[in-house]
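One structure is given here, and the rest of the page talks about it.
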Number of protein chains: 2
Amino acid sequence: MPATIRDVARASGVHISTVSRTFSAPHLVNPETRNRVLACAEHLGYRPNRAARALITGRTHNIGLIIADIANPFFPPLIKAAESQARQRDYHIFIADTNEDPAAEEDLVHALAKQVDGVLLCSPRMSNSLIEQLSREVPLVVINRQVTGLPAVVMDVGQGARLAVEHLTGLGHRELALLGGPRGSWTNREIRRAATTAARAADASLTVLGPNPPTEGGGIAMAEQVRRTGATAVLAYNDLMAIGLMEGLDSLGLRVPQDISVVGIDDIALSRLTRPKLTTVATPTAAAGRTAVDMLLQHDGSSSARAGRGGGRTTTTDDRRTTAQVTLQTELVIRDSTGVGPAASAVRPAAAAAADRPGAAPPADPGPHGHPDPGSATAATPESVAS
Amino acid sequence: MPATIRDVARASGVHISTVSRTFSAPHLVNPETRNRVLACAEHLGYRPNRAARALITGRTHNIGLIIADIANPFFPPLIKAAESQARQRDYHIFIADTNEDPAAEEDLVHALAKQVDGVLLCSPRMSNSLIEQLSREVPLVVINRQVTGLPAVVMDVGQGARLAVEHLTGLGHRELALLGGPRGSWTNREIRRAATTAARAADASLTVLGPNPPTEGGGIAMAEQVRRTGATAVLAYNDLMAIGLMEGLDSLGLRVPQDISVVGIDDIALSRLTRPKLTTVATPTAAAGRTAVDMLLQHDGSSSARAGRGGGRTTTTDDRRTTAQVTLQTELVIRDSTGVGPAASAVRPAAAAAADRPGAAPPADPGPHGHPDPGSATAATPESVAS
DNA sequence: ACTTCTCCTGCAAACCTTTGCAGCCAACGG
DNA sequence: CCGTTGGCTGCAAAGGTTTGCAGGAGAAGT
């Protein structure tokens, strides 16, 4: 029923190879012939069969994208950016969701391996060794993780966490808590490491809680424990948890930021909608998606090594393989969920407090029609964290 | 480098057809042979090449899912449900995002046509005739739309809209507004029709505004116009718009629900997090995803007869195929964004309102975080809608 | 012992496209 | 006039798998 290349060839009176070339190498065919072929193809509604093409070229023009949880608002901007970047190069992205399950991750890589040219592994929860092993089956680019020998794009959450902690200690907080994310997350380890270091440098204490599911529910559930730590400020693994935590604290009768300050990570769209608006670390998710696609495509676009003919095993020396690791900067976005700590509240005059907490008029007057205040001035699209 | 069926055949000393059968029709091969083959395959890390298989069988074991906007929280539950349902049957879902662009929809269908066995078209913005035409190219199941001759699964938003209007008029509201969604949306038309009818039946007036982008920004932008209608209660096309509208009303100094009631549609997770919590019409998104996959696969091949759930099912059997149209019920979830209207405020006690839905929180408690913050409202990410 | 069956396995065609190679023709240089 | 070049097109192999058909071996029936 579907028109094949043969039908077009018959209709336009040329050989199938000419039809093929009309599409894959137009400059090789006479303009007159080409037009005739195109007309016939159009008329017959012909579209090349990608499976057949993939079979012979060995390239599917598909890219797999494996993520932990589509429902996490962190991912959509990354997905969209990756999709549009891929589409520009005539590739298509296949998305798969692992539900935060490391075993599902492995299965998915296998399932995708033969029908994509490469896989973007976003915030994997697997072990490094397993990832390395899988990378022998299909080209891999990891996002939010560093695996030796594999191309990677990571967002510098460590730096973000440091900025967040410095912001909090700068406000006078001395008792901090870190609401940790899921086990197996590279991001989680980075945050913990950086936050610990920064807290120590500022002579503040830091209580680490976790691991926890990186969801709103995970945040709500930990409210009570957070209170028990006696911390006056909390850094959460991501915005979703931070928002959940604010919910939970609210039910406990604690006010944010008067009683306790909360900082998230990711800057998802939602973090502008909560009351109070969430102070958070913005991660360049869209850029990460674009970059990852670029790295994957460059990586296998250059190596046009054909399969060895004649049974001989052609061992292409891969030592030329450029496995870059790109690090994207993060940025602290100060909104309304952080305020002065107890240590400073007695010392600092009200004016100073007001300057930090934009509930009142911030220093740079935002005006009635939303001049972005210094904190929310980031032009980055809302995105969230993972890994 | 990747092991093929031929390698396995050589290693286990059988013909490739036997290897093939070991995987696709195990009962046809001697257990002893089978085990030997499986062992070799395992050892060589063999995985069947899906492209080659697709080429000959004509079935890719892939399903396309085209949606308007991944960033809209409405979709993830649907996607997840569809994915898990598909995975159970050894199918894989390929997701694509159209950015609310009807032209992109058409392109995507074409692009996917040859590499999937069928496409789930979720909340399409295309014309019916175009959809019919595309359905000749690849099996289609439409979600949130009715196209004659095509299998469809729709959520009964009409009924939901009616319940919402009855809820509002029951609270004493007489001046209603409907915040419409995007042009081309079947859902939008259904809502409008049902809301108009219900309002007339209750002797209330209904002002229809739109079309609008189905995003938070779309809601924010319409706040002023909504106020000008003089309505005391608003039904929005979806939750995102409702939430945006609440933002906008807030900036205008109007309190929800004391001054104006707001109802959304979809019941996205976010609607529980706003202050006040959003009253909304819950749509069974996950069930829709599952059902759509079932319909596509049953229609397509190995059918396992899943009985229709709560919804009604109309099967029109034309000559060859049975094209069912499944309708899924919706449900009104009363939270805090609706309160008594001016006409009834003197007459009806709040208890009467609460009686509409046991267990729902009483209206009129914005919660501790309900401080309005003028000038907050820009920078909405493009989000989207459901049909 | 001969047929008939049942089980299993091998053979080869077919799916649709790409691509190196060869051939054709016209034009051009010498 | 011949050799060469360049532009275009046809030929055929190849890619990995499925599957109808045929064949072989043994078992069961007679």
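On a predicted model such as this, the values are computed, not experimentally measured, just so you know. Each chain gets a letter, A, B and so on, in the order its sequence line appears, and its residues count up from 1. Computed over heavy atoms, backbone and side chain alike; hydrogens, waters and symmetry mates excluded.
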Inset, instruction - Give a yes-or-no answer on whether the side chains of B:Gln115 and B:Asn62 include a donor-acceptor pair shorter than 3.5 Å. - result: no
Inset, instruction - Check whether any side-chain heavy atom of A:Glu106 lies under 4.5 Å from a side-chain heavy atom of A:Leu130, and answer yes or no. - result: yes
Inset, instruction - With the side chain counted from C-beta on, respond yes when A:Asp97 and A:Ile95 share a heavy-atom pair under 4.5 Å apart, and no when they do not. - result: no
Inset, instruction - Tell me, please, which residues at least two apart from B:Val154 pass side-chain contact (heavy atoms from CB on, under 4.5 Å). - result: B:Gln146, B:Trp186, B:Thr327
Atom pair distance, as rounded to whole Å: [atom1] in [X] and [atom2] in [N]:
{"X": "B:His61", "N": "D:dT18", "atom1": "NE2", "atom2": "P", "answer": "11 Å"}
{"X": "A:Asn49", "N": "C:dT18", "atom1": "CG", "atom2": "P", "answer": "9 Å"}
{"X": "A:Leu55", "N": "D:dA14", "atom1": "CG", "atom2": "P", "answer": "13 Å"}
{"X": "B:Ile5", "N": "C:dA14", "atom1": "CD1", "atom2": "C1'", "answer": "15 Å"}
{"X": "A:Phe23", "N": "C:dT17", "atom1": "CZ", "atom2": "P", "answer": "10 Å"}
{"X": "A:Arg59", "N": "C:dT17", "atom1": "CZ", "atom2": "P", "answer": "19 Å"}
{"X": "A:Arg10", "N": "C:dC16", "atom1": "CZ", "atom2": "P", "answer": "11 Å"}
{"X": "A:Arg50", "N": "C:dT18", "atom1": "CZ", "atom2": "P", "answer": "11 Å"}

Inset, instruction - Name the orientation class of the two ring planes belonging to B:Phe94 and A:Phe94 (parallel below 30°, tilted from 30 to 60°, perpendicular beyond 60°). - result: parallel
Inset, instruction - Measure the acute angle between the ring planes of A:Phe23 and A:Tyr46, then classify it against the limits of 30° and 60° as parallel, tilted or perpendicular. - result: tilted
Inset, instruction - Check every strand shown and say whether A:Tyr46 touches a base, only sugar-phosphate, or nothing at a heavy-atom separation below 4.0 Å. - result: sugar-phosphate
Inset, instruction - Identify whether any heavy atom of A:Thr4 sits under 4.0 Å from a base atom; if not, whether one sits that close to sugar-phosphate; answer base, sugar-phosphate or nothing. - result: sugar-phosphate
Legend entry - Residue pairs passing the ring-ring contact (aromatic ring centres under 6.0 Å, His included) test where at least one lies in residues 97-146 of chain B, sequence neighbours excluded: none
Between protein and nucleotides 6-13 of chain D, what N or O pairs are separated by less than 3.5 Å?
from   : atom 1 : to      : atom 2 : distance (Å)
D:dT9  : OP1    : A:Thr33 : OG1    : 2.3
D:dT9  : OP2    : A:Asn30 : N      : 2.9
D:dG10 : OP2    : A:His15 : N      : 2.9
D:dG10 : OP2    : A:Thr18 : OG1    : 2.7
D:dG10 : N7     : A:Ser17 : OG     : 3.4
D:dG10 : N7     : A:Arg21 : NH2    : 2.9
D:dG10 : O6     : A:Arg21 : NH1    : 3.4
D:dG10 : O6     : A:Arg21 : NH2    : 3.1
D:dC11 : N4     : A:Ser17 : OG     : 3.4

Inset, instruction - Determine: side-chain N/O of A:Thr57 to OP1/OP2 of C:dT19, distance under 4.0 Å, yes or no. - result: no
